[in-house]
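One structure below.
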Number of protein chains: 2
Amino acid sequence: MTTGDRPSSAPTMGDVAHRAGVSQMTVSNVVNGRTARVGAATRARVLAAIEELGYRVNVSASRLRSGRTGVVALAVPDFSLAYYAEFAERLAVRFAEAGLRLVLEHTAGRRESELATVERGHLDQYDGLALVLAAGDAEEVARRHPGRPVVIVGEREVSSSLDHVVMDNVGGARAATEYLLSTGARRIAVLGAQPGGPVSMASLRTRGYLEAIAAAGVAPDARLLVGGGVGFDDGARSAAALIAEGAIPEALLALTDETALGALHTLAAAGIDVPGRVQVVGWDGTRAGRFATPALTTVDPDNDAIADAVVRLLARRIHADGPVPREIVMPAARLVRRGTTL
Amino acid sequence: MTTGDRPSSAPTMGDVAHRAGVSQMTVSNVVNGRTARVGAATRARVLAAIEELGYRVNVSASRLRSGRTGVVALAVPDFSLAYYAEFAERLAVRFAEAGLRLVLEHTAGRRESELATVERGHLDQYDGLALVLAAGDAEEVARRHPGRPVVIVGEREVSSSLDHVVMDNVGGARAATEYLLSTGARRIAVLGAQPGGPVSMASLRTRGYLEAIAAAGVAPDARLLVGGGVGFDDGARSAAALIAEGAIPEALLALTDETALGALHTLAAAGIDVPGRVQVVGWDGTRAGRFATPALTTVDPDNDAIADAVVRLLARRIHADGPVPREIVMPAARLVRRGTTL
DNA sequence: ATGAAAGCGCTAACAC
DNA sequence: GTGTTAGCGCTTTCAT
C-alpha cells in the first residue's frame, strides 16, 4: 500500500527505477557497484529509492541472466562428522575473505547424490563447487563435463581433468604406523580397516599401514584388521571386540578421531591404561581429540593447507579469463604426538 | 558437435523439445512428473531425448518462473560447532524424507548476516528457511516480512509473527542446577556465564541457574560465574582459572558440551577427580560428550523433538494453501545423568 | 552517463 | 493430451 503500485509482492528493479526516475539499467549499475557508469547524484537518488522501497536484488533472476552468483558450494557426505564440519568452517571463513559466500550441500555419501551436484542445471547455481568424494569416482564426475569450476577433495590422485586436492592417506598411515613400531609395538590393530576392496579412505589408510608393517618385517594378522564404520560407536564396539578376544593389541590405529575417541571410551571403562598398556592414534586433527583425556595423538592431514588449496584452485578458475591448467595438490599428513602414545 | 546445433553450451528444454518433436511445455510436464498431462508414448520419446542430450533443468530459471525450488536452508552461526553440525544432519535426513533438499548457510553469528538470510531476494532461492538466531532479534527478523516460510530456532519465546522453536534454556539450567544441589553441592560454578545483559543463550541459562540456587537458599557468588566463550578452549581456560584461585567448586555447569569437555581436560591434567571432587555437567547431548571419559552428564535439549518441530512447521507452510496460524514449540530439556555427576 | 530492446530458460494460464 | 503465448526479474548489448 505504502510502496506504490505493487502492494503485496516484492519491489523489483523496475519499481526502484520508476521511483528514482531513471532507467532500470541505471539501478542495475548502482546495485552492482559499476560506479564509473553512474553519476554521483543519480547514484544517490537510486540508493534512496532502494532504501525507501526496501528493495533487494532477486538472486535467481540475476543468476539466470548473468550466470554469476557470488556463491560457491561445498558438498559433503555428512554435516555432523567433525572432520567435515571443521573443514567447512575453515572454508567458509576463507571464501568470505575472497568475497564469496559458501553454502553446504549434503550428499549422504551416495554416489548418485555426489554426481547430481555437478550436473549442469544444479551446478549453475554456483560459481564453483568443492566436492568431497566419498562414494563416487572422480573420473565419472569429470565425464559429466561440469560447466563450472569443480575441485575434488578426495582420497587419491586420479586421472581426471579436474583439479584435485588429495588426502595423504597412504603416507599418513605409514607415518603413524612407523611411529608405533618405533615405540616397540608389534601387534597394531586398525579400527575401521578395509583391506583390499575398492579405493576408499579406509582402503588407502589400511594399505599404508600394511606397507609400514611389511617394511618392518611384521607379519599382517587379519584379526587386527577390524572393519566397520568410523564413528564413535564403531570405535567403541571395535575396541570391545578386541578386548573380548583376550589378546589385546599393543596399539590401535583408528581411522578417524571419532573412532579413536570411541575406543578410548571403551578402554577407560575396561580399566586398560592408555598409553601404557595400549597406545591409540586417531586421524583428522579435530578439536575433540585435542581435548580428550589423555589428549589424542592423531594424524593431521594439514587441514589448513587443504582448505587453502581448495580456495585457491577454485578462485583462480572463477576469476580466470582463459583456460587454466589442471592442478593436483597433496599436502603431507603428519603425526601429531600427544598423550595416547608413548 | 554430436548433440546438434548447440555445440558447447548446455542443452535447454527447447533443444529437448525439438529433438523429441514436441512442444517445450510437454518437456516441462514430463520433467516435473505431471504424468496426467502427457501420453505414455510421448513421455517415452521425451525421456529418450533428455537422455541423449544429457539435459538437466536449469534450477535458476525454474525457480525464477515458478517460485518453487524444492530446497530449504538452515542458517547457522558456525558450521563446526558440534551442536549445529549434529542438528543440521538431523534436519537433512528429515527434510529428505519430506522430499526437500537442505542446504546450510553461514551467518558467522553476526546480526546483519542473520538478517540478510531473510531478505526477499535471498530467501527467494528457497522454499523455506530455518534460522538459528545467535546475535539478532526475532522481532527484527519478523519486521522484514520475509516472503517465504521462516522458522526461528532460538533462545526464547518472542512476540514476533514467525513460527518459533524455542530452546528450554531456563528450564534446562534449573533442572541441572537442582540436580547438583540435590547431590549436596553448594558451590556450583557456571562456565560461559553471562549474568544479566541482553537476552542470549548464555544469559538465559545463567538465569535458570540463579533461579535454582536462589530457590535453594544458596547465595550467588560472582566468582563462580565464569564468563568467556563456550568452546573447548574456553572451558579449559575457565577450569584452569578456577583451579588457580584455589577454591575449587564442587560442581561445574558448563553451558555447552564442548565447554565441559575442555574443562574435563584441564581437571584431568590437574589430577582432580571427576565426579568425586568436582562434578561436571555439559549441555547439548552431543556424541562427543557421550563418549568422553567419564561420560559427560549433559542437558539434552531434546534435539529430535526440535528437529521434528522445525521440519513440521516449515513443511506445513510450504504446502499450505491459505494462511497458517503461527505456532511456538518448546520441547522440554532434561538432564541426562552419566559419569561426570554423582 | 544513461536508456531501450532483447532475451537468459523456464512454467502459468489458457486454448484447442 | 498437447501447443501457444506471455513474462518471471534481471543483465547484455548497443545506441545515444
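As a basis for the values below, the full set of heavy atoms in this structure was taken, side chains included, without hydrogen atoms, waters or symmetry mates. From a predicted model like this one, the values you see are computed outputs, not experimental measurements. Below, chains carry the letters A, B, ... as their sequence lines are ordered, and counting in each starts from 1.
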Taking only N and O in the side chain of [X], is any of them less than 4.0 Å away from OP1 or OP2 of [N]?
X: B/Asn29; N: D/dT2; value: no
X: A/Ser23; N: C/dT2; value: no
X: A/Thr12; N: D/dG9; value: no
X: B/Arg68; N: C/dA12; value: yes
X: B/Thr26; N: D/dT2; value: no

Verify, without hydrogens or angle tests, whether [X] (side chain) and [Y] (backbone) share a donor-acceptor contact under 3.5 angstrom.
X: A/Asp127; Y: A/Thr69; value: yes
X: A/Arg317; Y: A/Val324; value: yes
X: B/His18; Y: B/Gly14; value: no
X: B/Ser60; Y: A/Arg63; value: no
X: A/Glu114; Y: A/Ala135; value: yes

Provide, to the nearest angstrom, the distance between the [atom1] atom belonging to [X] and the [atom2] atom belonging to [N].
X: B/Gln125; N: D/dG9; atom1: CD; atom2: C1'; answer: 14 Å
X: B/Arg43; N: D/dT2; atom1: CZ; atom2: C1'; answer: 16 Å
X: A/Met25; N: D/dC14; atom1: CE; atom2: C1'; answer: 12 Å
X: A/Arg45; N: C/dA1; atom1: CZ; atom2: P; answer: 15 Å

Next on the checklist: One thing to verify: whether B/Arg316 and B/Asp163 come together as a salt bridge, which I'm taking to mean a side-chain N less than 4.0 angstrom from a carboxylate O.
Outcome noted: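 Here B/Asp163 pairs with B/Arg316 in a salt bridge, since their nearest N and O are under 4.0 Å apart.
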Checklist entry - So which pairs with a foot in residues 100-123 of chain A pass ring-ring contact (aromatic ring centres under 6.0 Å, His included), sequence neighbours left out? => result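 ring-ring contact (aromatic ring centres under 6.0 Å, His included) check on residues 100-123 of chain A returns A/Phe79-A/His106.
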Checklist entry - Can you list every ring-ring contact (aromatic ring centres under 6.0 Å, His included) pair that touches residues 82-104 of chain B, not counting sequence neighbours? => result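 Checked against ring-ring contact (aromatic ring centres under 6.0 Å, His included) - neighbours excluded - no pair reaches residues 82-104 of chain B.
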Checklist entry - In terms of the nearest nucleotide of DNA chain D, which residue is placed more toward the 5' end: B/Gln24 or B/Leu64? => result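 Result of the comparison: B/Gln24.
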Next on the checklist: Within residues 34-42 of chain B, which residues have any heavy atom lying less than 4.0 Å from an atom of DNA chain D?
Outcome noted: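 Going residue by residue through residues 34-42 of chain B, the ones with a heavy atom under 4.0 Å of DNA chain D turn out to be B/Ala36, B/Arg37, B/Val38, B/Gly39, B/Thr42.
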Checklist entry - Side chains of B/Glu119 and A/Tyr55: donor-acceptor distance under 3.5 Å anywhere? => result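 Looking only at side-chain atoms, A/Tyr55 and B/Glu119 do not form any donor-acceptor pair under 3.5 Å.
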Next on the checklist: By nearest atom, which of the nucleotides D/dG3, D/dG9, C/dC10 is closest to the B/Met13 side chain?
Outcome noted: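 Nucleotide nearest to B/Met13's side chain: C/dC10.
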Item to check | Helical bend (five base pairs per end, nearest 10°) for the helix from C/dA1-D/dT16 to C/dC16-D/dG1 | outcome: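 That helix gives 30° between its end axes.
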Checklist entry - Does any residue of residues 55-63 of chain A have a heavy atom under 4.0 Å from DNA chain C, and if so, which ones, in number order? => result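 Within residues 55-63 of chain A, no residue comes under 4.0 Å of DNA chain C.
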Next on the checklist: By the definition side-chain hydrogen bond (donor to acceptor under 3.5 Å, both in side chains), identify the one residue from B/Arg148, B/Arg101, B/Glu105 that meets it with B/Tyr126.
Outcome noted: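 Exactly one option meets the side-chain hydrogen bond (donor to acceptor under 3.5 Å, both in side chains) with B/Tyr126, and it is B/Glu105.
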Item to check | Check: D/dG7 base within 3.5 Å donor-acceptor of B/Arg65 side chain | outcome: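 It does, because a donor-acceptor pair links the side chain of B/Arg65 to the base of D/dG7 below 3.5 Å.
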Checklist entry - Among all residues two or more places apart in sequence or in another chain, which pass the salt bridge (charged side-chain N to carboxylate O under 4.0 Å, His left out) test with A/Arg90? => result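 Salt bridge (charged side-chain N to carboxylate O under 4.0 Å, His left out) list for A/Arg90, sorted by chain: A/Asp304.
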Item to check | Sole residue of A/Leu74, A/Leu162, A/Leu314, A/Val311 in side chain to side chain contact (heavy atoms under 4.5 Å, CB included) with A/Val151 | outcome: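 Of all the options given, the one that passes is A/Leu314.
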